[in-house]
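Data block below; observations after.
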Amino acid sequence: MELRVLRYFLAVAREGSITAAADLLHVTQPTLSRQLKDLEQELGKKLFIRSSHSIILTDEGLILRQRAEEIVNMVSKLEAEFNSMEDTVSGDVYIGGGETEAMKQIARVVKELQLKYPNIRYHLYSGNEEDVTDRLDKGLLDFGILIQPADLSKYNYINIPDKDVWGVIMRKDSPLAVKATIQSSDLLNVPLICSRQAIQQSYSKNEFADWFGEDFEKLNVVTTYNLAYNAAIMVEEGIGYAITLDKIVNTSSDSSLCFRPLNPKLESGLNIVWKKHHVFSTAASVFLQDIQTKFSSLS
């Protein structure tokens with residue numbers, strides 16, 4: 001029994017006329033009549049009572065109509081499910097980046113995509129620019145989140161519509177904690193814990209170094225770091241003052257540390273980057289399209 005013939009039968013049953021059904025199905029009336037007769041012969045039952053202008057279903061025809069509708073609906077559902085499988089996006093997206101509150105922007109994109117594509121998995125890798133770009137170049141990451149200053153020459157990138165504020169993490173009982181903001185002169189005679197990326201002199205423009213001006217070479221950097229968590233531990237143990245970004249170290253009322261912003265204010269922009277000519281997976285392509293759309297609108 002062919003599905004096509006069952007659909008022919010249902011069309012005739014709905015229209016109550018072979019002529020009307022033939023027009024609807026775009027087949028000739030003789031062809032449709034022959035198909036119905038073959039169906040009756042195959043089942044060994046009379047399905048229609050024919051008259052000159054209409055047809056009426058027999059009891060057997062009514063049973064077949066019910067079953068045929070169930071079969072056709074089930075097949076349609078199955079086809080829809082398999083068609084949707086072709087549209088199902090799954091896979092992995094690999095993202096690396098430094099510690100920054102701007103990760104919230106990425107998290108919001110991921111949250112929206114989860115609703116549409118729940119089968120995408122995201123893998124986060126934390127590190128500074130050197131760590132992230134090394135993994136990007138090796139193809140271990142799809143995207144990197146770089147805090148400026150950063151070398152973007154090898155990558156395609158989008159500006160993240162957010163900025164990080166620089167300041168100093170210190171113990172609440174330290175002499176500088178009484179100040180509301182920190183000036184460059186405050187940092188000349190104290191031990192400093194600095195981000196390696198921030199103090200590198202390999203960039204054509206380093207806003208961090210520019211902020212200090214001539215005093216940059218006079219800084220007493222006793223420790224460098226690439227992740228602020230470890231830098232905060234050094235501060236807690238009294239090693240020095242950590243120059244870092246706001247909101248990535250716990251400075252709540254329960255913490256022994258506090259944050260004081262630099263004055264004049266120093267902010268760093270952020271970029272999400274990817275390797276030029278990188279071949280993305282379907283999942284990574286969907287992520288890229290979404291961040292391009294969202295970040296362009298926010299900008």
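Every value quoted in this text rests on a predicted model; they were computed, and no experiment measured them.
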Self-check item: Output field: ring centroids Phe287/Tyr94 closer than 6.0 Å
Solution: no

Quiz prompt | Presence of salt bridge, Arg108 and Glu112, under 4.0 angstrom | solution = no

Quiz item: Lys247 and Glu101: salt bridge (charged side-chain N to carboxylate O under 4.0 Å, His left out), yes or no, with the steps?
Solution: CA-CA 6 Å; Lys247 299 179 181 178; Glu101 195 189 26; 3.6 Å; yes

Self-check item: Criterion salt bridge (charged side-chain N to carboxylate O under 4.0 Å, His left out) on Glu70 and Arg67, from CA distance to verdict
Solution: CA-CA 5 Å; Glu70 292 172 355; Arg67 296 291 182 259; 3.6 Å; yes

Self-check item: Within the 6.0 Å centroid threshold, strictly below: His123 and Tyr125
Solution: no

Practice problem: Considering non-hydrogen atoms only, spot the tightest contact between Lys172 and Ser253 and give its length. | Solution: NZ-O, 3.6 Å

Quiz item: Is the side chain of Arg260 donor-acceptor paired with the backbone N or O of Ala180 at a distance under 3.5 Å, no angle test?
Solution: no

Quiz prompt | Sidechain-backbone polar pair: Ser268 side chain, Gln148 backbone, donor-acceptor under 3.5 Å | solution = yes

Quiz item: Under 3.5 Å, is there a donor-acceptor pair linking the side chains of Tyr155 and Asp137?
Solution: yes

Quiz prompt | Shortest non-hydrogen contact from Phe9 toward Gly61 | solution = CZ-O, 3.4 Å

Self-check item: Closest non-hydrogen atom pair, Ile239 against Thr223
Solution: CG2-OG1, 3.9 Å

Exercise. Indicate the atoms forming the closest heavy-atom contact of Leu47 with Glu40, along with that distance.
Key: N-OE2, 2.8 Å

Self-check item: Pair Lys138-Asp134, salt bridge (charged side-chain N to carboxylate O under 4.0 Å, His left out): steps then yes or no
Solution: CA-CA 6 Å; Lys138 291 177 179 177; Asp134 180 63; 3.3 Å; yes

Quiz item: Is it the case that one hydrophobic cluster holds both Tyr225 and Val190, taking links as side-chain heavy atoms less than 4.5 Å apart, direct or via other members?
Solution: yes

Practice problem: Check for a donor-acceptor pair, side chain of Thr58 on one end and backbone N or O of Lys46 on the other, with a separation under 3.5 Å. | Solution: yes

Exercise. Identify the two heavy atoms, one from Val132 and one from Gly144, that lie closest to each other, and give their separation to 0.1 Å.
Key: CG1-CA, 3.7 Å

